[in-house]
Amino acid sequence: MEDPQTVARNAARPNAVHFRESGQALQSLKNHRTGHSSDHNEWMALRALESAVREQTRRHLPELLEMLKKNLVANGVRIHWAETVEQGNAIVARLIGEERIDRMVKSQSAIGAQTALEQAVGSRGVAVAESDLAGSLRRFAPPSSSPAIAPASRDDARGPRLSSPADTGIGDRLHRARQTLRDEFAAAEAGLSGVHFAVAETGTLVLVENEGNARMCSTVPRLHIAVMPLEKMIPRLEDIAPLLSLHTRSVSGQGIAAYVSMISGPRRPGEKDGPDAVHLIILNDARPPPLADSPWRKALRYLRDGVGIGTAHDKADAPPKAHSVGGPRRSNAGDRVGRLRQKMESAGSEFLDARGGDWLAALQAWLAANSIPGCIYAPTTRLGRKIAAGWNVSAPLIPFQRPLADWKDELFAQGGAGVTSTRGGIAETGSLILWSDPLEPRSLSLIPPVHVALLDCRRIYDTLGQAMREQDWRSRMPTNLLLLSGPSCTTSLGADPVIGVHGPKRLLVVLVDGDPAE
């Protein structure tokens, strides 16, 4: 029999592994952050602009709040005000009770964790599933797994619910975690998310993520409840460009997240997916800074907003560069294609260059070479009609023509690819622009394991700000606008990204010259 000291050492050993892996992940994250903030002048210009936007919001808070409420209501979003955390919890419970909901899925957010919304709803008899991969792995893992304040370690995927006799490693366990969570997305009747920004002038909620669970929570269930602290409000749509860059570089060490969802209401008549209702709970005291009037106020604000963590730029602010704030940075078409492709490939995207040829024939050859079992498409779009007319491979062509609720389980069980159009690309961030409408459901780019996106190379913009202005987003936002920069992924399990979490495992961008529907 082992002596007590040996038993204690053996019991402590897994935690040492967890902390070593977590430390490696944190160091890698810090290195990425440093790399994305190496241009000191640009970084400080973004910090200065962020401070100016936040200060303007504070100075005009009553007017901006009234504008936000007016535009959200016009977009069909129902607003609730909570002076206390307890009031916020009660509102969530009431909404779920009124809708007779017994299953909810939530995407991880700092505000949700701090206000214990999950526990409050669960205590009222509602099954709540945390869909963040790291949080889910800890839910499945043994008690000795890594602490919640650190990135999940790969040992967190070794819990009994994720193991099997044929287990060959972390890939198998993550595949089973993905399947378990996708079952919960399909079954949930309500989705709970945080909000990264709320745009007053358009009534738009902005969600920023890599895994795709926030997209699932705000797309698949019939009820979407978003919770945000008042400090997340910003005045203008154009403010998103610099704040988004600062946020993602500070929090995850990326130029931009894989998914940026801009939500402007529940689904509209004719749309086949999206929630029937969107509720926004504004928390007035969700994260009160205890030293708000002290000299530490600025540091506390950066900590709350996730800005500046892991960086060492403390010099005086420099004047903003035009390109760093979404301004007019012009380049030629070939340069834009190259910059977009380089950034998206570095994030795990794949490209099929069909310029100057038959893109549909090239796509069908790619699908056959990669053994893709079928293709889901929007049959009533011009693009869909062209696909149907030219389809000549044995893999089935599956039309998305019913509301998502009518074939949700079937769609989640389908293999294959979902094919969508795009409204263009953004070279500076390496992003595609997807615009939901009644003809092309947003689930096509979310649920199938492979997403194929057709990109007209003439419609690649230099910056996000340029795309906003030239496409006039401010005057006509859809219910869901998506900036897509790669397949779903996570960096929660260490230094190396894990591709294919909740959204598609693969993203294929097909480059064409001109309108692919012609």
Side-chain angles (χ1 to χ4, degrees), residues 75-77 99 101 103-109 129-133 178 181-196 204-227 257-280 376 378 400-414 418-420 422 432-449 451 453 477-484 487-488 500-505 507:
N75 290 339
V77 178
E99 295 291 333
I101 285 170
R103 299 191 70 168
M104 169 184 277
V105 64
K106 67 180 288 288
S107 62
Q108 186 185 55
S109 66
E130 169 61 67
S131 61
D132 172 75
L133 182 62
R178 170 186 166 92
L181 290 168
R182 283 170 74 87
D183 290 344
E184 290 177 335
F185 288 129
E189 299 170 290
L192 183 70
S193 76
V195 175
H196 288 86
T204 300
L205 308 179
V206 183
L207 279 59
V208 184
E209 57 160 341
N210 284 313
E211 296 187 5
N213 54 327
R215 287 190 69 198
M216 288 284 189
C217 290
S218 60
T219 297
V220 178
R222 59 186 173 89
L223 179 68
H224 175 208
I225 302 174
V227 184
Y259 301 126
V260 178
S261 299
M262 302 185 190
I263 298 169
S264 297
R267 66 175 182 168
R268 293 170 185 163
E271 291 187 330
K272 298 179 179 64
D273 57 7
D276 296 331
V278 176
H279 295 262
L280 174 65
I376 308 169
F400 196 133
Q401 55 191 359
R402 291 177 284 165
L404 175 61
D406 292 349
W407 70 308
K408 186 165 47 174
D409 292 338
E410 181 182 345
L411 182 59
F412 270 95
Q414 290 281 350
V419 182
T420 72
T422 64
L432 306 178
I433 305 167
L434 275 67
W435 191 285
S436 67
D437 62 33
L439 299 181
E440 190 171 87
R442 70 186 84 165
S443 300
L444 278 172
S445 65
L446 175 62
I447 296 177
H451 175 206
M477 290 290 285
T479 55
N480 187 280
L481 188 154
L482 176 69
L483 298 181
L484 172 63
S488 65
V501 185
H502 307 301
K505 297 179 180 180
L507 170 60

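The first residue in the sequence is number 1, and the count goes up from there.
Rounding to the nearest 0.5 Å gives a distance of 13.0 Å between CG of L439 and CD of Q401. In this structure, the separation between NE2 on H502 and CG on N213 is 4.0 Å, given to the nearest 0.5 Å. One finds the OG1 atom of T422 at 9.0 Å from the CD atom of E440 (value rounded to the nearest 0.5 Å). Remark: S218 OG to L223 CG distance equals 12.0 Å, nearest 0.5 Å.
For S488 against E211, the heavy-atom pair with the smallest separation is CB-O, 3.2 Å. Across all their heavy atoms, A186 and V220 have their closest contact at CA-CG1, 4.5 Å. The two residues S443 and P448 have their closest heavy-atom pair at O-CD, 3.3 Å. Contact record, T219 with L404: O-CD2, 4.3 Å, taken as the closest heavy-atom pair. Nearest approach of E130 to D132, heavy atoms of both residues: OE2-N, 2.9 Å. Heavy atoms only, all atoms of each residue included: M477 and S264 are closest at CB-OG, 3.7 Å.
Residues T479 and E271 are in side-chain contact: their nearest non-hydrogen atoms beyond the backbone lie under 4.5 Å apart. Using a 4.5 Å cut-off on side-chain heavy atoms (C-beta onward), F185 and P221 make no contact. The shortest side-chain heavy-atom distance between H224 and S193 falls under the 4.5 Å cut-off.
Remark: the S107 side chain and the S131 side chain contain no N/O donor-acceptor pair separated by less than 3.5 Å.
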Test log, rule side chain to side chain contact (heavy atoms under 4.5 Å, CB included), inputs L482 and R442: CA-CA 9 Å; L482 176 69; R442 70 186 84 165; over 6 Å; no
Derivation and outcome, side chain to side chain contact (heavy atoms under 4.5 Å, CB included), residues F400 and L411: CA-CA 9 Å; F400 196 133; L411 182 59; 3.7 Å; yes
From CA spacing to verdict: salt bridge (Lys or Arg N to Asp or Glu O under 4.0 Å), E189, R103: CA-CA 6 Å; E189 299 170 290; R103 299 191 70 168; over 6 Å; no
Test side chain to side chain contact (heavy atoms under 4.5 Å, CB included) applied to L483 and Y259, step by step: CA-CA 6 Å; L483 298 181; Y259 301 126; over 6 Å; no
CA sep, side-chain torsions, deciding dist, call: M216, V105, side chain to side chain contact (heavy atoms under 4.5 Å, CB included): CA-CA 9 Å; M216 288 284 189; V105 64; over 6 Å; no
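Distance alone, capped at 3.5 Å, places no donor-acceptor pair between the T420 side chain and the L444 backbone. Counting only distance, with no hydrogens or angles, the side chain of E209 and the backbone of R215 share a donor-acceptor pair below 3.5 Å. Side-chain atoms of K106 never come within 3.5 Å of backbone atoms of L192 as a donor-acceptor pair (strictly under, hydrogens ignored). When atom types are taken as modelled, the side chain of H451 and the backbone of P504 share no donor-acceptor pair closer than 3.5 angstrom. In this structure, the side chain of R182 engages the main chain of I447 through a donor-acceptor pair within 3.5 Å. Side-chain N or O atoms of N210 include one that pairs as donor or acceptor with a backbone N or O of A258 at under 3.5 Å. When atom types are taken as modelled, the side chain of R222 and the backbone of A405 share no donor-acceptor pair closer than 3.5 angstrom. With N75 contributing its side chain and V77 its backbone, the two residues share no donor-acceptor pair below 3.5 Å.
Screening S436, P441, P266 for a side chain to side chain contact (heavy atoms under 4.5 Å, CB included) involving N480 leaves a single residue, S436.
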